[in-house]
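So the structure is just underneath, and the comments pick up after that.
Naming: A, B, ... by sequence-line order, numbering from 1 per chain.
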Protein chains: 2
Amino acid sequence: MPGGSSDRLRGVLALVREKGGRITTTRRAIVAALLDADDHHVTAQLLAERVQVGNPDIHASTVYRTLDTLTELGVVEHTHLGHGATVYHLTDRRHQHLVCESCGAITEVPLAVFDPLVEVLRDSYAFRLRPEHVALSGVCANCAGSDLDRGAQDEQ
Amino acid sequence: MPGGSSDRLRGVLALVREKGGRITTTRRAIVAALLDADDHHVTAQLLAERVQVGNPDIHASTVYRTLDTLTELGVVEHTHLGHGATVYHLTDRRHQHLVCESCGAITEVPLAVFDPLVEVLRDSYAFRLRPEHVALSGVCANCAGSDLDRGAQDEQ
DNA sequence: ATAATTGCAAAGTCTTTGCAGTTTG
DNA sequence: CAAACTGCAAAGACTTTGCAATTAT
């Protein structure tokens with residue numbers, strides 16, 4: 001491996017600075033955690049916990065504020081999963097999420113799948129869909145087998 | 001007008017009883033408010049406030065619990081709008097919501113529009129999409145005109 | 001009667017905010 | 001140095017829960 005994910009870390013931080021943001025120890029830690037969690041759909045809260053493992057004095061409120069700032073800088077994006085949880089990603093990994101109402105499993109889907117829908121909504125409703133911003137809800141393959149009768153388990 | 005919406009009220013209440021739920025003054029008031037609000041996408045909180053106008057002693061927690069119960073009975077359904085708000089409907093008015101990230105406007109779309117997507121996700125991902133359960137996010141016609149530069153206003 | 005439903009108060013979760021002190025560029 | 005950033009504590013919005021009293025069937 002060349003530099004592993006630390007290349008990507010450097011890249012993201014460079015972008016932050018480039019956009020006028022400052023680089024602090026705290027931010028480095030947060031972005032690193034975000035990078036680690038990249039496939040795992042972290043909430044702000046979870047991210048805070050993880051960051052605090054190595055840096056016990058980074059406050060949760062700072063994580064929230066940092067995520068906001070990074071969002072404004074265009075480096076981070078969030079998606080609302082059904083239940084209310086909001087998960088964060090770096091913007092270079094855009095995709096759509098399918099959340100299973102029954103077991104909570106998350107499936108990633110390339111955005112291209114939504115192109116036809118984007119077109120219909122644009123043409124018929126003058127609405128510019130941003131599919132990644134909200135996760136779609138339904139029942140996954142596993143649960144579809146067992147869960148044929150009732151709607152869901154602990155769905156909210 | 002024949003019986004106006006009170007026919008529908010009766011119908012819903014009958015369904016509740018039929019499914020084993022009990023009819024109380026409180027429930028009657030809540031269902032009525034839900035019926036009134038039918039097009040307006042009420043949150044549990046807002047619903048509570050409205051119910052309390054005529055029935056000051058109906059507690060918010062009761063509204064939450066009642067919505068849960070009615071959901072289990074299949075009479076009520078909820079949708080997660082992006083920001084985190086959860087809105088409730090009677091199940092006889094199913095449709096999809098488009099929420100504008102910029103102004104918050106809600107557009108209703110017939111579910112049929114999603115049929116092709118439902119098929120793709122079923123065939124390629126073995127995922128049974130339930131499109132109504134989560135509102136889609138994007139930018140509405142009005143805002144698309146003015147809001148060309150930045151992503152959104154108070155988007156969360 | 002008895003099981004469901006409700007009011008109330010209290011707690012829980014997630015998130016935001018004000019402020020004063022610290023750090024980055 | 002000035003502006004950005006952070007820790008901390010406190011508050012805020014929304015929702016859930018335990019319990020005893022009430023009510024529908």
- Item | Spacing of Tyr88(A) atom OH relative to dC14(C) atom C1', expressed in whole Å |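 Going from OH in Tyr88(A) over to C1' in dC14(C) covers 10 Å.
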- Message: For a quick test of reading the model, state the closest non-hydrogen atom pair linking Val134(B) to Ser137(A) and the distance between them.
- Response: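 Between these two residues, the closest heavy atoms are CG2-CB, 3.6 Å.
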For [N], does either OP1 or OP2 sit under 4.0 Å from a side-chain N or O belonging to [X]?
{"X": "Arg27(A)", "N": "dC5(D)", "result": "yes"}
{"X": "Tyr64(B)", "N": "dT15(D)", "result": "yes"}
{"X": "Arg65(A)", "N": "dT6(D)", "result": "no"}
{"X": "Thr62(A)", "N": "dG7(D)", "result": "yes"}
{"X": "Thr66(A)", "N": "dT6(D)", "result": "yes"}

- Query: Would you say the side-chain atoms of Glu77(A) pair up with the backbone N or O of Thr71(A), donor to acceptor, closer than 3.5 Å?
  - Reply: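 No, because the side chain of Glu77(A) does not come within donor-acceptor range (under 3.5 Å) of the backbone of Thr71(A).
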- Of all the choices, dC14(D), dT15(D), dT6(C), which nucleotide is nearest to the side chain of Ala44(B) once you look at every atom?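 That would be dT15(D).
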- Item | Proximal nucleotide (of dG7(D), dA9(C), dT24(C)) relative to the Ser61(A) side chain |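 The answer is dG7(D), which lies nearest to the side chain.
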- Query: Under the criterion side chain to side chain contact (heavy atoms under 4.5 Å, CB included), which of Val31(A), Leu34(A), Val16(A), Leu13(A) is the partner of Val75(A)?
  - Reply: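 Between Val75(A) and the candidates, side chain to side chain contact (heavy atoms under 4.5 Å, CB included) is satisfied uniquely by Val16(A).
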- Query: What orientation do His89(B) and His97(B) show, parallel under 30°, tilted 30 to 60°, or perpendicular over 60°?
  - Reply: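 The rings of His89(B) and His97(B) lie parallel, inter-plane angle below 30°.
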- Would you mind classifying the nucleic acid contact of Gly21(B) as base, sugar-phosphate or nothing, using non-hydrogen atoms under 4.0 angstrom?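 Sugar-phosphate contact only.
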